[in-house]
Every structure is written in C-alpha cells, then in structure tokens.
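To start, the structure itself, in structure tokens.
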Amino acid sequence: MVLSPMRNLLVTSALPYANGPIHLGHLVEYLQTDIWVRYQKLRGNRCIYLCADDTHGTAISLRAQNEGRSEEELIAEMSESHQKDFADFGIEFDHYGSTNSEASREICHEIWAALREADMVVEEEVEQLYDVEKGMFLADRFVRGTCPKCNSPDQPGDNCDSCGATYSPVELIDPVSTLSGTRPEIRSAKHLFVQIEQLHGFLEEWTQSGTLPAESANYLKNFFLAEPLKDWDVSRPAPYFGFEISDSPGNYWYVWFDAPIGYIGTTKEWCDQHGEQLADWWKNEKTEIHHFIGKDIQYFHTLFWPAMLKTAGYSLPTKVHIHGFLTVDGDKMSKSRGTFIRAAKYLEHLNPSYLRYYYATKLSAKVEDLDLNLEEFVARVNSDLVGKVVNLASRTAKFVASPGLSETYPTNDEGLFEKFAQQGDAIAEAYEVGNFGKAMRLIIELADAANPYVESNAPWELRKDPEKTQQLQDVCTVALNLFRTLCVYLSPVLPDLAAKCGELLGDPITSWDQSKKPLSGTPVAKFKHMMQRVDAKRIETMIEESAAENEAAAAATTPALSFDDSGEFLSENPIADEIAFDDFAKVDLRVARVVEAHEVPEARKLIRLILSLGGDERRQVFAGIKAAYQPEDLVGELVVMVANLAPRKMKFGVSEGMIVAAGPGGKDIFVLNPDEGAIPGHRVM
RNA sequence: GGCAGGAUAGCUCAGGGGUAGAGCAGAGGACUCAUAAGCCUUUGGUCGGCGGUUCAAAUCCGCCUCCUGCUACCA
C-alpha cells in the first residue's frame with residue numbers, strides 16, 4: 001500500500017452503552033482502535049480519535065429507576081468510570097463525548113430534517129404491549145408469556161425456546177411484564193419509520209465497494225440486500241430517555257438513531273474546542289473516516305448509518321473495521337466462572353501493557369473471534385516482551401552506562417540494523433491493514449535475531465579485557481539500537497515501553513522514521529526494569545475475585561431464588577448403591593397419557609388406569625395412588641410409566657407396568673409429569 | 001432451518017499448487033551479562049474425512065463431519 005505523505009483521519013470506536021462498566025470484551029475494540037490511531041500518529045498522519053458514551057434508551061431509564069436516581073446522574077457516573085478505565089489502559093481519545101449532548105441533539109435534528117426532506121419518513125400505527133403500572137411500552141425482551149403456537153408457558157417475547165416459533169409479543173397468551181409482573185395490555189401508538197429501501201441501490205454499491213471486510217459484505221448481500229429493505233422504526237413513544245422529535249411531539253428518537261450521530265456530535269464538540277470546522281472532517285473528500293465496531297452491530301453501521309449520512313450530505317465511512325467477540329479459554333465470558341472480567345478488576349492485578357500486547361498478537365483484519373487463553377497470555381508476554389525484547393536492553397545497557405553509545409554507529413553489526421529498518425515497511429503494512437498479529441510476529445522475529453548477536457559477541461567477556469572497551473561499547477550500541485527499533489515498532493501497542501526506551505537512551509520515540517537511523521554518541525541512563533513478568537497467581541486471584549463479585553451481585557438481584565430445602569427425607573432414605581448405566585437403561589421409561597381412570601371400590605390404595613403410549617398402544621396399570629388423587633383428575637394427564645415391567649396378576653386384573661411417582665407415600669404421593677412438549681411414547685432417559 | 005467463518009504439532013496460530021512452518025510447552029547440552037531471562041541441538045503433524053482437477057493438492061473444486069458465530073417485528 002502506498003502511504004501518501006500526510007493523511008487526515010477521523011477514527012471512532014463504537015460508543016459504549018452507559019449501562020455498565022467496561023470489561024475485557026469491550027477492550028478488544030478500544031485497544032485495537034487505539035493501536036491503529038497511535039500507529040497513524042507515529043507515521044505523522046493527522047489523526048483524531050473520537051468516542052462517547054451511548055446514553056439513551058429504556059435500559060438506562062430502568063437502571064436509573066432501580067437505583068433511585070435520575071438518568072443524568074447515572075450517565076454522568078458511567079461516563080466518568082468509562083473514561084477512567086480507558087485512560088488506565090492507555091487508550092487516548094482526542095475527545096470523549098456523550099450522545100446526550102447539545103451537539104448531538106443538533107445533528108440529530110439536522111439529519112432528521114434531511115430525511116424528512118427526502119421524503120423518507122412515514123408514520124405507522126404499531127401495536128405493542130403496554131405496562132399500565134410502569135406507564136410504558138414494553139420492548140420484546142421485557143415480556144414473557146405462553147407461546148401461541150405450542151402453549152409452552154413462560155417464553156420470551158419474540159420467539160419460543162420450546163418450539164422455535166417466532167411471533168410478536170402481542171400474540172403471547174397470558175403475557176406478563178417482567179418489569180412489574182403485571183399483565184400488560186395491547187395499545188397502539190404512532191411510530192415513525194425511515195424507508196431506507198429508497199437507497200437500496202446506493203447501499204448495494206457502497207457495501208460491496210471494499211469499505212467492509214469481505215465476510216461482512218457477503219453477509220449484507222445475502223441477508224439484507226437480496227430483498228427490499230424493511231422500513232426502520234426510529235421512534236419510541238414517551239416516556240423515553242432521549243431526544244424528543246421536533247416535528248412529532250411525544251415521540252423520541254430510538255437509541256440506535258442517535259448513537260452513531262454521536263460520532264458527529266462528538267466531532268463537533270472537539271472542533272469547537274480546537275477552532276476547527278466540522279465540515280473539514282465530515283464533509284470533505286480528503287478526510288478518511290474509519291469506524292471500528294464489533295460484528296454484532298454491523299447492520300446499524302453499514303445500512304442505516306450510511307443511508308443517514310448520504311441523505312444528509314455527510315461523508316461516508318472510508319472503512320468500517322469489524323472485529324469478532326472475545327472468548328476466554330475457549331468459552332464465552334462467564335460470570336459464574338469468573339471470566340467476565342471488568343477492566344478495573346484486571347488493573348487491580350495486572351499491567352495494561354500485557355493485555356495491549358496480547359490482544360495485538362491475536363488481532364487480524366478478519367471478522368473473527370479472539371480467544372484470551374490465559375496460559376498463553378502468560379507465556380507470550382513473559383517470553384516475547386520480557387525474555388526477548390526488554391532482555392536486549394537489560395543485558396547490555398549497564399555496560400555502556402558511563403561512556404554512552406559509540407560516537408558513530410559501528411559498521412560491523414552483521415547487517416542487523418539495516419535488516420531491522422527494512423522490515424519496517426512490512427510491519428507498517430500489517431499495522432495499516434489491521435493485521436496486528438502479523439506485525440507482532442514480524443517484530444518478535446527481529447528480536448529473535450538480535451539475541452544471538454549479543455550471545456555471540458559476549459559483551460560480558462569483552463568487559464574483562466581493557467583493550468576491548470571500544471568493541472564492548474560498539475556491541476552494546478548495536479544491541480541498544482536494535483532494542484530501540486523494536487520499541488519504535490512496538491510503540492503503538494506499548495507506549496509505556498517506548499517511553500522507557502526514550503528515557504534510557506535520552507531520545508523520546510515520536511516517529512516511525514526513528515527506526516531508520518541509528519542513534520549514536522548519546523548518554524545511556526542507568527537501567528531500570530521496564531516490565532515485570534506476569535505472575536500467573538495474580539490471574540488466578542483475579543478470576544476468583546471476579547467470580548465471587550458476580551455471585552454476590554447475582555444473589556443481590558435475585559433474592560427470590562434462595563432455597564431452603566430440608567435434608568430430612570434424604571437422610572432417612574439414603575441413596576442406593578451405585579449402578580452401571582446399562583442397568584439403568586434396562587428400565588424403559590415412557591411418556592404415557594391417562595386415557596381412562598377408574599375407581600377400584602374393593603381396593604384400599606389402587607386406581608385402575610388405561611394408559612396410551614400413542615397410536616393404538618394401550619396399557620392397563622393399577623397405581624397405588626388412591627389416597628392422593630381422584631380418578632377424574634388424572635384423565636388426559638401425561639405421566640411417566642415403566643413400559644417394560646413384567647405384567648403382574650393382581651386381585652383386580654393384570655397390571656401391565658407402573659407409573660412413577662415421588663414422595664413418602666400415603667397421601668403424599670406426587671405423580672411425575674413430563675414438561676411441556678413431551679408426547680406419549682417418548683422415551684425417558 | 002438458512003447463512004457465514006473455521007478445522008494445520010500437546011497449546012496458540014502463520015502459510016496457501018512444488019521436500020509441512022513459528023512461538024510456547026517437552027527432551028538434551030553449553031553458558032552465566034541479563035527479570036531462573038538468553039543461546040545451541042532436538043522430539044513431535046496422513047494439514048478434519050472422502051472424492052475430483054493437476055506432472056504435483058495442506059493450498060483449487062465438489063460432497064460430508066464437527067465447531068463457532070449471526071439470523072431485522074424476516075426467511
């Protein structure tokens with residue numbers, strides 16, 4: 001790639017939602033972006049990095065309500081906490097704003113006016129469930145109820161976990177608001193829709209024009225652009241925490257309408273603070289706009305967002321960089337396992353540089369998930385950074401502390417400096433396209449070449465011979481220059497290390513081109529440790545603490561879920577001897593439906609049941625449940641029967657199996673019913 | 001169900017028609033400047049399976065298996 005002399009770059013990360021703290025998953029994106037931005041700045045490009053808190057929507061209101069304070073208080077605190085976490089990880093924004101700002105409000109109105117003018121806005125009545133007690137409409141995720149297709153109870157508002165049916169929450173049988181526990185009613189309200197289908201052709205072209213990773217372009221092509229695009233519902237009726245729509249009082253912009261606009265609003269704030277013109281950044285062909293986002297929010301950024309920009313006459317994103325999700329040791333982050341780790345928690349135990357480097361080794365330009373393998377994390381950081389890179393300085397710097405670097409750079413460095421300098425282009429290219437993993441591999445490859453040089457030139461031997469002081473100084477000058485070049489290359493990832501290298505050699509690292517010219521004749525400071533090795537025990541502690549915190553938090557929010565079951569029955573009836581699976585499998589348990597149930601007048605404990613196993617298969621079973629059940633209550637019920645039990649002649653007839661029930665006996669007998677969805681004949685295993 | 005991506009050494013991954021690679025882990029050795037770091041040597045793989053194209057396939061094509069993700073008020 002040809003890098004023009006000086007580019008103008010506007011870079012954003014997705015706006016974190018003001019509903020919770022930053023965790024290691026978020027950091028993939030902010031570190032990725034920060035590294036890219038630092039790289040661009042190091043190259044001498046004009047680059048501003050902007051971000052903001054995403055503050056609107058129902059979830060914010062609910063949380064504020066639960067905490068008994070205003071939305072404004074909540075988002076102010078969140079913003080502060082987010083910014084602290086970012087700063088502590090070395091993520092340097094040029095400006096950090098909020099979607100709840102005057103600047104953002106202005107741009108929302110402006111873009112809205114443009115959509116109106118383009119005749120892209122339509123009104124439609126939408127039926128939604130309304131929680132009378134809370135006084136608000138309920139998003140799908142706040143409703144549960146019985147599936148209209150299969151009658152499974154307690155299903156989510158948009159689809160059934162049991163039969164997989166999708167539906168609208170208004171179709172639910174017996175809907176319940178998860179917010180108040182009351183039954184919501186169906187109400188109709190006016191919503192405003194944007195007809196992005198009008199820009200179908202434009203979006204098709206734009207999404208396929210190389211602005212997106214190939215995976216994403218294909219995805220959009222197949223899933224969205226193959227058919228007419230649906231109108232986008234961009235309004236929510238009051239009460240809603242957000243901006244009221246000027247020409248539609250009582251309606252507010254949906255959080256996903258104003259979130260991306262926050263990019264522009266934040267730019268405007270930055271411009272106002274720095275005497276810059278917004279148009280130079282957002283209405284200027286020469287400015288590149290780069291968004292970094294996760295794959296979960298692709299379609300907001302690649303369909304709605306460009307449609308809005310296009311309509312309002314703003315520049316379109318030059319590139320949308322899309323990353324995957326973080327897993328920890330191969331699994332999704334888990335609160336109970338303690339792998340859901342807050343940024344602040346990490347920092348209590350570990351150095352941010354470790355994570356910056358580790359993520360860098362794992363990031364590529366592809367849309368793929370990134371695994372934080374904790375064992376590898378320790379190995380990589382300790383081996384690569386401490387063992388190879390920093391080691392170069394720590395094993396040589398002290399030999400030249402008094403004379404400093406040689407007056408001129410030695411000619412006999414085995415071509416190493418030149419080799420290091422030449423690799424710079426390949427490393428730069430890898431940074432530029434977002435393939436940080438490759439950049440790190442190339443850099444560590446160089447470090448691997450540098451250590452044998454020190455080894456074979458053995459400065460610790462040269463030191464013993466007063467005749468060889470010049471040679472000693474030269475060897476160390478070479479090693480330290482190689483170290484410095486590595487620090488230049490690593491500085492987007494490890495600004496701290498670069499700063500320490502600058503202090504050691506008395507020459508701050510500020511430009512990529514410092515990798516091209518060796519340093520000579522300068523003093524060398526007393527060597528101080530630049531990076532501690534990762535202590536694996538701290539990781540363990542961090543995980544344990546995270547798990548404990550999450551457990552405590554979960555317990556606090558779900559007090560209803562505390563159980564206090566007596567162990568009495570179990571102690572009186574100890575568990576039987578262990579059996580092999582095969583022994584259990586001999587028992588053929590089946591779901592059966594009670595099709596008839598009859599009194600047996602002469603029997604003290606028995607009821608005569610006719611069970612159906614589906615089709616024409618019928619069994620007569622005498623069940624000892626007379627004290628606990630009325631026959632008429634059993635007809636139609638599903639039960640579990642032992643289907644292959646040898647028939648038994650009884651006084652009142654032949655019993656062809658038995659049904660299973662729990663309890664101590666007498667009146668306390670509880671027949672087992674399968675959960676919803678089971679049908680007669682199903683085997684029970 | 002549909003779609004996308006993936007499967008290469010014990011682990012994490014690179015490579016991508018011409019003798020299978022790196023780091024870490026493992027084994028052996030020499031050294032002792034350095035944060036028990038570093039250096040040298042070395043074990044280890046039918047590149048998920050089956051077919052096809054080709055002089056040649058880990059690589060290209062087809063089918064299959066398994067994982068992961070996504071799946072709009074949609075299929």
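Values in this document were obtained by computation on a predicted structure and should not be read as measured data. Order of the sequence lines fixes the chain letters, A, B, ..., with proteins taken first and strands second; residue numbering starts at 1 for each chain.
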Measure [atom1]/[X] against [atom2]/[N] and give the value in whole Å, please.
| X | N | atom1 | atom2 | result |
| --- | --- | --- | --- | --- |
| Lys295(A) | G5(B) | NZ | P | 12 Å |
| His301(A) | C70(B) | NE2 | C1' | 17 Å |
| Asp448(A) | C40(B) | CG | C1' | 14 Å |
| Leu326(A) | G69(B) | CG | P | 13 Å |
| Tyr254(A) | C73(B) | OH | C1' | 11 Å |
| Asp296(A) | A4(B) | CG | C1' | 16 Å |
| Leu172(A) | C73(B) | CG | P | 15 Å |
| Asp231(A) | C73(B) | CG | C1' | 12 Å |

[atom1] atoms of [N] and [M], separation to the nearest Å:
| N | M | atom1 | answer |
| --- | --- | --- | --- |
| A58(B) | C13(B) | C1' | 15 Å |
| A7(B) | C11(B) | P | 14 Å |
| C24(B) | G38(B) | P | 7 Å |

request  = Output all residues satisfying side chain to side chain contact (heavy atoms under 4.5 Å, CB included) with Gln423(A), sequence neighbours left out; order by chain, then residue number.
outcome  =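 For Gln423(A), the residues satisfying side chain to side chain contact (heavy atoms under 4.5 Å, CB included) (neighbours in sequence not counted) are Ala426(A), Ile427(A), Leu442(A), Glu445(A), Leu446(A).
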request  = Output all residues satisfying side chain to side chain contact (heavy atoms under 4.5 Å, CB included) with Gln471(A), sequence neighbours left out; order by chain, then residue number.
outcome  =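 Here the qualifying residues are Leu462(A), Lys468(A).
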Answer yes if the ring centres of [X] and [Y] are under 6.0 angstrom apart, and no otherwise.
| X | Y | result |
| --- | --- | --- |
| Trp112(A) | Trp253(A) | yes |
| His291(A) | Tyr263(A) | yes |
| His26(A) | Tyr17(A) | no |

With 3.5 Å as the limit, what N/O pairs link the protein to nucleotides 6-15 of chain B?
from	atom 1	to	atom 2	distance (Å)
U12(B)	O3'	Lys362(A)	NZ	2.9
U12(B)	O2'	Lys362(A)	NZ	2.6
U12(B)	O2'	Glu376(A)	OE1	3.1
U12(B)	O2'	Glu376(A)	OE2	2.7
C13(B)	OP1	Lys362(A)	NZ	3.3

Can you name the atoms? Protein N/O to nucleotides 35-37 of chain B N/O, anything below 3.5 Å, with the distance.
from	atom 1	to	atom 2	distance (Å)
U35(B)	OP1	His529(A)	NE2	3.1
U35(B)	N3	Met531(A)	O	2.7
U35(B)	O4	Met530(A)	N	3.4
U35(B)	O4	Met531(A)	N	3.3
U35(B)	O4	Met531(A)	O	2.9
A37(B)	O5'	Arg533(A)	NH2	3.4
A37(B)	O2'	Gly387(A)	O	3.1

ask   = Ignoring hydrogens and angles, are the base of C73(B) and the side chain of Asp233(A) linked by a donor-acceptor pair under 3.5 Å?
value =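 In this structure, the two groups form a donor-acceptor pair.
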task = Check the side chains of Ser406(A) and Asp474(A) for a donor-acceptor pair under 3.5 angstrom, ignoring hydrogens and angles.
result =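 Side chains of Asp474(A) and Ser406(A): pair found under 3.5 Å.
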request  = Could you tell me which residues satisfy salt bridge (Lys or Arg N to Asp or Glu O under 4.0 Å) with Arg187(A), sequence neighbours excluded, listed by chain and number?
outcome  =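 Scan of Arg187(A) (salt bridge (Lys or Arg N to Asp or Glu O under 4.0 Å), adjacent residues dropped) gives Glu185(A).
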Residue mapping more 5' on RNA chain B - nearest nucleotide basis, Ile444(A) or Lys398(A) =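 Looking at RNA chain B, the more 5' nearest nucleotide goes with Ile444(A).
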key: Dot-bracket notation for RNA chain B, counting Watson-Crick and G-U pairs under 3.5 Å, with | for partners on another strand   = (((((((..((((....[..)))).((((.........)))).....(((((..]....))))))))))))....
ask   = What pairs of residues pass the salt bridge (Lys or Arg N to Asp or Glu O under 4.0 Å) test when at least one of them lies in residues 524-543 of chain A, not counting sequence neighbours?
value =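 Checked against salt bridge (Lys or Arg N to Asp or Glu O under 4.0 Å) - neighbours excluded - no pair reaches residues 524-543 of chain A.
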inquiry  = Exactly one of Ile341(A), Leu31(A), Thr339(A) should register a side-chain contact (heavy atoms from CB on, under 4.5 Å) with Leu24(A). Which one does?
reply    =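 Exactly one candidate clears the test, Ile341(A).
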Pairs where [range] contributes a residue and the test ring-ring contact (aromatic ring centres under 6.0 Å, His included) is met, not counting sequence neighbours:
| range | value |
| --- | --- |
| residues 321-340 of chain A | His23(A)-Phe340(A), Trp36(A)-His321(A), His290(A)-His321(A), Phe292(A)-His321(A) |
| residues 356-391 of chain A | Tyr358(A)-Phe377(A) |
| residues 444-489 of chain A | Tyr489(A)-Trp512(A) |

ask   = Asn451(A) has a side chain; which of A34(B), C24(B), G38(B) sits nearest to it?
value =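 From the listed options, G38(B) comes nearest.
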ask   = Can you say whether the rings of Phe137(A) and Tyr130(A) are parallel (under 30°), tilted (30 to 60°) or perpendicular (over 60°)?
value =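 Taking Tyr130(A) first and then Phe137(A), their aromatic rings stand perpendicular (interplane angle over 60°).
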Polar atom pairs (N or O), protein with nucleotides 30-32 of chain B, under 3.5 Å:
none

Would you mind writing out the side-chain donor-acceptor pairs for residues 188-196 of chain A within the sub-3.5 Å range, not counting sequence neighbours?
from	atom 1	to	atom 2	distance (Å)
Ser188(A)	OG	Glu125(A)	OE1	2.6
His191(A)	ND1	Asp233(A)	OD1	3.0
His191(A)	ND1	Asp233(A)	OD2	2.8
His191(A)	ND1	Ser235(A)	O	3.2
Gln195(A)	OE1	Gln198(A)	NE2	3.1

